Amino acid sequence: MKRYHLTTFGCQMNEHDSERMKGMLESLGYSEARARDQADLILFNTCSIREKADDRFIAHLAEAKKAKSERADVVVGVGGCWAQSVKEEVFARFPFVDVAFGPGQVHKLAEFLTSDSLTAQGFFEFEGFTGRLPAKRAREYQGWVQISVGCNCVCSYCIVPSTRGREVSRPSSELVAEVQRLAADGAREVTLLGQNVNSYGRDLSGGERVSFARLLEMVDAVEGIDRIRYTSPHPKDMREDVIRAHAEVSAVCEHIHLPLQSGSSPVLKRMRRTYTRERYLDRVALIREHVPDCAITTDIIVGFPGETEEDFRQTLEVAEEVGYDGAFTFIYSPRRGTEAATLPDRVPHEIATERMARLVEVIQRRARERAQRFVGRTLEVLVEGPSRTDPARLRGRSRHNKVVNFAGLAGPGELVEVEITGATSQTLSGEASLLSRLS
Ligand code: 5AD
Ligand code: SF4
């Protein structure tokens with residue numbers, strides 16, 4: 001039996017795509033190898049969002065080159081966003097790569113593997129949904145659901161519209177059927193995935209055309225689904241009906257990841273985000289009004305071309321004012337083919353690093369303060385497994401998406417009640433209540 005080894009980089013959409021690649025390979029009769037040196041097929045599902053992502057992956061690719069030089073019959077495959085973004089040059093620059101495919105043609109990997117010529121083939125069209133391939137899920141209690149592919153935004157820093165193509169939504173009936181299958185198969189939490197989830201459905205027609213808020217209700221109605229998450233929404237499409245769903249639709253979790261990117265309207269304009277600082281803060285106010293306890297997290301870029309000290313202070317101010325429960329912060333990284341890569345007034349690295357440190361201070365301080373509201377409360381926790389820092393304890397997540405480390409006895413996928421006794425900026429700690437098992 002042939003064996004594959006797959007390494008995944010990047011976002012949750014890539015984790016989803018990798019589960020589908022594995023499902024497809026196993027339906028072709030492949031099994032998973034524990035290590036690269038035991039694999040007949042060495043695969044990478046790549047990311048290209050920042051330069052660092054490229055660098056990390058290239059180091060791994062060197063290992064595949066070595067494996068190929070030692071065992072000539074090994075097949076090396078590279079899929080995902082990096083592959084798509086270097087499609088013109090991939091075989092010239094990396095001659096030991098046998099097959100390369102973008103996120104829109106994962107299914108072509110099967111065609112390649114069953115063809116006669118196992119060498120230098122590339123597949124880079126945007127067609128079909130990875131979500132229609134069979135899946136090998138990593139966690140029985142959790143399922144990814146790809147609700148759309150591609151992105152119609154033109155954020156000037158972002159490589160994704162070029163790696164994942166125009167936005168196409170999957171029909172709502174197909175999604176509900178998929179969630180029903182997942183629930184029957186043990187999933188109690190689903191995460192709806194799209195580059196811009198809340199513009200879902202606008203390209204559909206007839207009875208299939210439903211809004212994102214309606215889709216949340218349809219998924220909630222599926223028996224056995226206790227938690228619904230989604231990522232990522234765009235602030236420009238964050239309508240009141242979606243916000244209200246967090247209060248009114250029982251499975252929709254009390255957490256919204258709302259990417260800010262910058263707190264300065266002139267920078268947002270150059271980023272082509274199509275909202276202003278005021279409009280963003282207005283969305284936050286609406287969230288606080290309808291779902292007061294909602295956790296809000298975000299993504300922020302520092303050092304975008306032309307960002308002045310004044311612009312940056314505006315970002316600090318928004319971070320201070322919103323009081324995020326957590327944030328991913330990034331130093332701007334110019335990406336090939338994007339508009340921002342051509343903009344003047346690059347911010348020197350030392351300045352960007354210094355701004356980043358100031359931002360992280362505010363984010364962490366506010367997150368720590370925010371987290372104190374959980375101390376003394378009992379939260380519903382979905383158990384993931386042993387704690388990473390202390391294997392005698394357990395780890396899980398609250399509905400607010402906070403990692404909770406706690407003492408108790410329960411298996412992955414169980415819902416337990418945990419009394420929260422401590423909170424840092426990143427994690428909560430506590431003890432499972434007696435007779436805590438909710439199910
Ligand atoms: N440089 C730095 N960060 C970026 N992101 C996207 N493109 C870039 C870039 N060129 C960040 C954004 C996005 C997150 C997934 O990655 O904050 O929301
Ligand atoms: Fe990386 Fe973005 Fe592609 Fe996800 S969509 S793999 S984050 S480049």
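Worth saying up front: this structure is predicted, and the values here are computed from it rather than measured.
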Problem set entry | Pair Asn14, Thr8: side-chain N/O donor-acceptor within cut-off below 3.5 Å | no
Seminar exercise, completed: Residues passing the side chain to side chain donor-acceptor pair (under 3.5 Å) test with Thr342, sequence neighbours excluded, are none
Exercise. Is Lys65 atom NZ crowded by more than 12 heavy atoms from other residues, nucleotides or ligands, each under 6.0 Å away?
Worked result: no
Problem set entry | Heavy-atom donor-acceptor pair, Glu414 side chain to Gly411 backbone, under 3.5 Å | yes
For this session: Take Arg397 and Val403, measure what side chain to side chain contact (heavy atoms under 4.5 Å, CB included) needs, and give me the verdict at the end.
Result: CA-CA 5 Å; Arg397 268 173 206 272; Val403 170; 3.8 Å; yes
For this session: Mind running salt bridge (Lys or Arg N to Asp or Glu O under 4.0 Å) on Arg214 and Glu217 for me, showing each step along the way?
Result: CA-CA 5 Å; Arg214 177 74 194 118; Glu217 290 171 0; 2.8 Å; yes
Exercise. Quick one: are Met21 and Phe101 in side-chain contact, heavy atoms under 4.5 Å?
Worked result: yes
For this session: Answer whether the closest heavy-atom distance between the side chains of Glu127 and His107 falls below 4.5 Å.
Result: yes
Exercise. Can you list the steps and then say if Arg166 with Asp203 is a salt bridge (Lys or Arg N to Asp or Glu O under 4.0 Å)?
Worked result: CA-CA 11 Å; Arg166 301 282 298 168; Asp203 55 322; over 6 Å; no
Exercise. Between the side chain of Arg50 and the main-chain N/O of Ala53, is any donor-acceptor distance below 3.5 Å?
Worked result: no
For this session: Check the side chains of Asn405 and Asp390 for a donor-acceptor pair under 3.5 angstrom, ignoring hydrogens and angles.
Result: no
For this session: Over all heavy atoms of both residues, which pair between Pro103 and Arg164 is shortest? Give the atoms and the distance, please.
Result: CB-NH1, 3.4 Å
Seminar exercise, completed: Partner of Asn198 under side chain to side chain contact (heavy atoms under 4.5 Å, CB included), picked from Leu216, Asp237, Leu192, is Asp237
Exercise. How long is the span from the NZ atom in Lys402 to the CD atom in Glu254, to the nearest 0.5 Å?
Worked result: 14.5 Å
Exercise. Does the side chain to side chain donor-acceptor pair (under 3.5 Å) test come out yes or no for Thr274 and Arg279, once each step is laid out?
Worked result: CA-CA 10 Å; Thr274 70; Arg279 158 90 188 170; over 6 Å; no
For this session: Identify the two heavy atoms, one from Thr163 and one from Ser85, that lie closest to each other, and give their separation to 0.1 Å.
Result: CG2-CB, 4.1 Å
For this session: Would you please test Thr297 and Tyr324 for side chain to side chain contact (heavy atoms under 4.5 Å, CB included) and show each step?
Result: CA-CA 5 Å; Thr297 57; Tyr324 291 105; 5.6 Å; no
Exercise. Quick one: do the Glu384 and Tyr141 side chains pair a donor with an acceptor below 3.5 Å?
Worked result: no
Exercise. In terms of side-chain heavy atoms, does Glu167 have a donor or acceptor partner in Ser199 at a distance below 3.5 Å?
Worked result: yes
For this session: Please indicate whether Glu208 has more than 12 foreign heavy atoms, meaning atoms of other residues, nucleotides or ligands, lying under 6.0 Å from its CD.
Result: yes
For this session: Check whether any side-chain heavy atom of Thr130 lies under 4.5 Å from a side-chain heavy atom of Met13, and answer yes or no.
Result: no
For this session: Identify the residue among Lys2, Lys136, Arg20 that makes a salt bridge (charged side-chain N to carboxylate O under 4.0 Å, His left out) with Glu26.
Result: Lys136
Problem set entry | Derivation of the side chain to side chain donor-acceptor pair (under 3.5 Å) call for Ser262 and Ser264 | CA-CA 6 Å; Ser262 168; Ser264 150; 4.6 Å; no
For this session: Assess whether side chain to side chain contact (heavy atoms under 4.5 Å, CB included) is satisfied between Val78 and Val90, documenting all intermediate values.
Result: CA-CA 9 Å; Val78 180; Val90 58; 5.5 Å; no
Exercise. How many angstroms lie between atom CZ of Arg335 and atom OG of Ser162, to the nearest 0.5 angstrom?
Worked result: 10.0 Å
For this session: Taking the side chain as every heavy atom from C-beta outward, state whether Arg336 and Ser48 have any atom pair closer than 4.5 Å.
Result: yes
For this session: Report the C-alpha separation of Glu111 and Lys108 in whole Å, then their side-chain angles, then the decisive distance to 0.1 Å, and conclude whether the salt bridge (Lys or Arg N to Asp or Glu O under 4.0 Å) test is met.
Result: CA-CA 5 Å; Glu111 192 176 299; Lys108 289 281 185 177; 3.5 Å; yes
Problem set entry | Interatomic distance, Gln261 atom CD to Tyr275 atom OH [nearest 0.5 angstrom] | 5.5 Å
Exercise. Measuring from Ser156:OG to Lys269:NZ, what's the distance to the nearest 0.5 Å?
Worked result: 12.5 Å
Exercise. Would you say the side chain of Gln12 lies within less than 4.5 Å of the side chain of Trp144, judging by non-hydrogen atoms?
Worked result: yes
For this session: Determine the minimum heavy-atom distance between Asp325 and Ala295, stating which atoms define it.
Result: OD1-CA, 3.2 Å
Problem set entry | Student check: side-chain heavy atoms of Ile147 and Tyr230 closer than 4.5 Å | no
Exercise. Cut-off 3.5 Å, side chains only: do His290 and Glu248 have a donor facing an acceptor?
Worked result: no
For this session: May I ask you to check whether over 12 heavy atoms, not counting those of Arg202, lie within 6.0 Å of atom CZ?
Result: yes
Exercise. Between Arg277 (side chain) and Gly263 (backbone), is there a donor-acceptor pair under 3.5 Å?
Worked result: yes
Problem set entry | Glu223 atom CD, neighbour heavy-atom count above 12 within 6.0 Å | no
Exercise. Any donor and acceptor pair, going by atom type alone, linking the side chain of Asn196 with main-chain N or O of Cys151 inside 3.5 Å?
Worked result: no
For this session: Answer yes if the side chains of His257 and Asp299 hold a donor-acceptor pair under 3.5 Å, and no otherwise.
Result: yes
Exercise. Does Asp98 reach the main-chain N or O of Val76 with its side chain, forming a donor-acceptor pair under 3.5 Å?
Worked result: yes
For this session: Working to the nearest 0.5 Å, report the span between CG of Asp37 and CD of Glu63.
Result: 9.0 Å
Exercise. Of all heavy-atom pairs between Arg239 and Arg283, which one has the smallest distance, and what is that distance?
Worked result: CA-NH1, 4.2 Å
Exercise. Would you call the rings of Phe304 and Tyr332 parallel, tilted or perpendicular if under 30° counts as parallel and over 60° as perpendicular?
Worked result: perpendicular
For this session: List the steps, then state whether side chain to side chain contact (heavy atoms under 4.5 Å, CB included) holds for Arg56 with Lys52.
Result: CA-CA 6 Å; Arg56 270 185 65 207; Lys52 257 197 205 147; 5.8 Å; no
Problem set entry | From OG1 (Thr427) to CZ (Phe406), nearest 0.5 Å | 13.0 Å
Exercise. Regarding Ser148 and Gln195, is there a side-chain donor-to-acceptor distance under 3.5 Å anywhere?
Worked result: no
For this session: May I ask you to decide if Phe124's main-chain N or O and Gln84's side chain share a donor-acceptor pair within less than 3.5 Å?
Result: yes
Exercise. Phe96 vs Phe94 aromatic rings, parallel, tilted or perpendicular, using cut-offs 30° and 60°?
Worked result: perpendicular
Problem set entry | Heavy-atom pair with the smallest gap, counting every atom of Val416 and Ala410 | CG1-CB, 3.8 Å
Exercise. Would you say the side-chain atoms of Glu19 pair up with the backbone N or O of Arg137, donor to acceptor, closer than 3.5 Å?
Worked result: no
Problem set entry | Which atom of Gly201 lies closest to which atom of Arg209, heavy atoms considered | O-CG, 3.5 Å
For this session: Please examine the side chains of Ile49 and Cys11, heavy atoms only from C-beta on, and report whether any two atoms are closer than 4.5 Å.
Result: no
Exercise. Do Leu379 and Arg399 have side-chain heavy atoms sitting under 4.5 Å apart?
Worked result: no
